[in-house]
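Below: the structure, in structure tokens.
None of the values given here were measured: they were computed from a predicted structure.
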Amino acid sequence: MIELIDVTQHYGVRPVLKKINLRIEKGELVVIVGPNGMGKSTLLGVIGGTLNPQHGQVIIDGNQRRRSIEEELAIRRRAVYLPDQAWLPPLRTGREFLLGVGRLYDIDMDRLMEHVDRLLELFELKKQGDWSMSSYSAGQQKKIALASALVTEAPILFLDEPFSGGLDPSGLLALKRVLKRRVADGGTVVLTSPVPEIVEEIADRIVILKDGEIAAFDTLEGLRRITNIRGSLAEIFERLMFPETSQKLQDYFREMPS
């Protein structure tokens, strides 16, 4: 279980997150959505442990982030955070990198080597897996970064915009299926995404951020009830985030000459 209590984060004098309270249950796939600048990546960074909030607490499986070395290590053994643009060692091959990450998580070598082979096959990197990562395209770098999170076998994944960065259709399909399977097996996934269509397909619950606050947190069906919109998540998102724009569009079309 992941719980945020009154989390507040500032950049200088500008508040980015304002007293965020959130509870994510084990076995959920939760997606954080919102326009650029609303705090999605900041919120995930706080949950993932790369940012220390000015106020509030992040508790993961009973351990509080950054309270003690012991508690932080206990979290890091079970949770992996992957930023939107992950650093990759350019002179290493993809296979070497994945094996190195897996060893950090004390995975049995035979199991690790077999898992690396399956990940390279899944993301269509079987041949490129033995190339230097400096030769990878943007999409291939994204795939190997995602594979590095998956190879840890950590039960909790924090992924910042995993569906962006040049993933091709096969990579998108593979990632969606893998994340859904992780959750079905009892794992927990929290990710950010700017693409409502993908969110609709995979999310158990959806966090909508607006101006550093939670505008809504519910299932897709729950959001439909809240907004009285039976359509897509994109329509719900527009209603919650840009109500003035929707009204302006209605006025514009109403006043157009036929």
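F237 places none of its side-chain heavy atoms less than 4.5 Å from the side chain of I229. Side-chain atoms of L179 and L159, non-hydrogen and from C-beta on, do get closer than 4.5 Å to each other. No side-chain heavy atom of R181 sits under 4.5 Å from any side-chain heavy atom of R177. With a 4.5 Å cut-off on side-chain heavy atoms, D204 and V30 do not count as touching. For the pair Y105/V151, no side-chain contact is recorded, criterion being any heavy-atom separation below 4.5 Å from C-beta on. When side chains are defined from C-beta on, F217 does not count as touching I32, because their heavy atoms never get closer than 4.5 Å. Taking 4.5 Å as the limit, every side-chain heavy atom of I2 sits out of range of all side-chain heavy atoms of E25. Using a 4.5 Å cut-off on side-chain heavy atoms (C-beta onward), L112 and L98 make no contact.
Applying the side chain to side chain donor-acceptor pair (under 3.5 Å) test to every pair with at least one member in residues 192-203, sequence neighbours left out, gives these pairs: D160-T192, K176-E201.
Note: K142 NZ to S137 OG = 12.5 Å, rounded to the nearest 0.5 Å. For the atom pair L29 CG and T188 OG1, the distance stands at 9.0 Å (nearest 0.5 Å). Here CG of L175 is found 6.5 Å from CG of L167. Values are rounded to the nearest 0.5 Å. Rounded to the nearest 0.5 Å, atoms CZ (R78) and OG1 (T152) are 11.5 Å apart. The line from CZ of R111 to CE of M109 is 13.5 Å long, rounded to the nearest 0.5 Å. Atom CG of L146 is separated from atom CG of L157 by 10.0 Å, given to the nearest 0.5 angstrom.
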Legend entry - Worked check of salt bridge (charged side-chain N to carboxylate O under 4.0 Å, His left out) between R66 and E72: CA-CA 6 Å; R66 294 176 173 262; E72 186 64 25; 5.6 Å; no

Legend entry - Residues V190, L44; criterion side-chain contact (heavy atoms from CB on, under 4.5 Å); working and verdict: CA-CA 8 Å; V190 185; L44 195 70; 3.8 Å; yes

Legend entry - Test side-chain contact (heavy atoms from CB on, under 4.5 Å) applied to V46 and V58, step by step: CA-CA 8 Å; V46 168; V58 177; 3.7 Å; yes

Inset, instruction - Could you give me the CA-CA distance, side-chain angles and deciding distance for L240 and K210, then say whether side-chain contact (heavy atoms from CB on, under 4.5 Å) is met? - result: CA-CA 9 Å; L240 289 171; K210 182 177 183 180; over 6 Å; no

Inset, instruction - Run the numbers on I208 and I214 for side-chain contact (heavy atoms from CB on, under 4.5 Å), then give the verdict. - result: CA-CA 6 Å; I208 298 181; I214 296 178; over 6 Å; no

Legend entry - Derivation of the salt bridge (charged side-chain N to carboxylate O under 4.0 Å, His left out) call for E28 and K26: CA-CA 6 Å; E28 279 195 303; K26 178 182 177 182; over 6 Å; no

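Using a 4.0 Å cut-off between charged side-chain N and carboxylate O, K40 and D84 make no salt bridge. In this structure, R224 does not pair ionically with E235, as no charged nitrogen and carboxylate oxygen lie closer than 4.0 Å. Residues D218 and R205 are not paired through a salt bridge, judged by the lack of any N-O separation under 4.0 Å between the basic side chain and the carboxylate.
Minimum heavy-atom separation, L82 to S148: CD1-OG, 4.3 Å. Listed here is the closest heavy atom pair of K19 and T8: N-OG1, 3.1 Å. Nearest heavy-atom pair, I5 versus I59, reported as atom, atom and distance to 0.1 Å: CD1-CD1, 4.0 Å. Scanning all heavy atoms of the two residues, the minimum distance from S132 to P90 falls at OG-O, 2.6 Å. Minimum interatomic distance between I144 and F97 (heavy atoms only, all atoms of both residues): O-CE2, 4.4 Å. Residues E221 and R230 come closest through the heavy atom pair OE2-NH2, 2.6 Å.
Side-chain heavy atoms closer than 4.5 Å link hydrophobic residues (I, L, V, M, F, W, Y) into clusters, and following such links, possibly through other members, connects W131 to L125. Both Y11 and L43 sit in one connected hydrophobic cluster of ILVMFWY residues. Membership requires side-chain heavy atoms under 4.5 Å apart, directly or through other members. No single ILVMFWY cluster, assembled from side-chain heavy atoms under 4.5 Å apart, contains both L173 and V189. Hydrophobic clustering places L104 together with V80 (ILVMFWY residues linked when any side-chain heavy atoms are closer than 4.5 Å, directly or through intermediates).
No more than 12 heavy atoms of other residues, nucleotides or ligands sit less than 6.0 Å from atom CG of N228. The number of heavy-atom neighbours closer than 6.0 Å to CG of L73, taken from other residues, nucleotides and ligands shown, is above 12.
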Tabulate below the donor-acceptor pairs under 3.5 Å that side-chain atoms of residues 115-122 make, not counting sequence neighbours, or state none.
residue, atom, partner, partner atom, Å
H115, ND1, E153, OE2, 3.3
D117, OD1, R95, NH1, 2.6
R118, NE, E114, OE1, 3.1
R118, NE, E114, OE2, 2.7
R118, NH2, E114, OE1, 3.4

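Checking side-chain atoms of Y136 against main-chain N and O of Q128 turns up a donor-acceptor pair under 3.5 Å.
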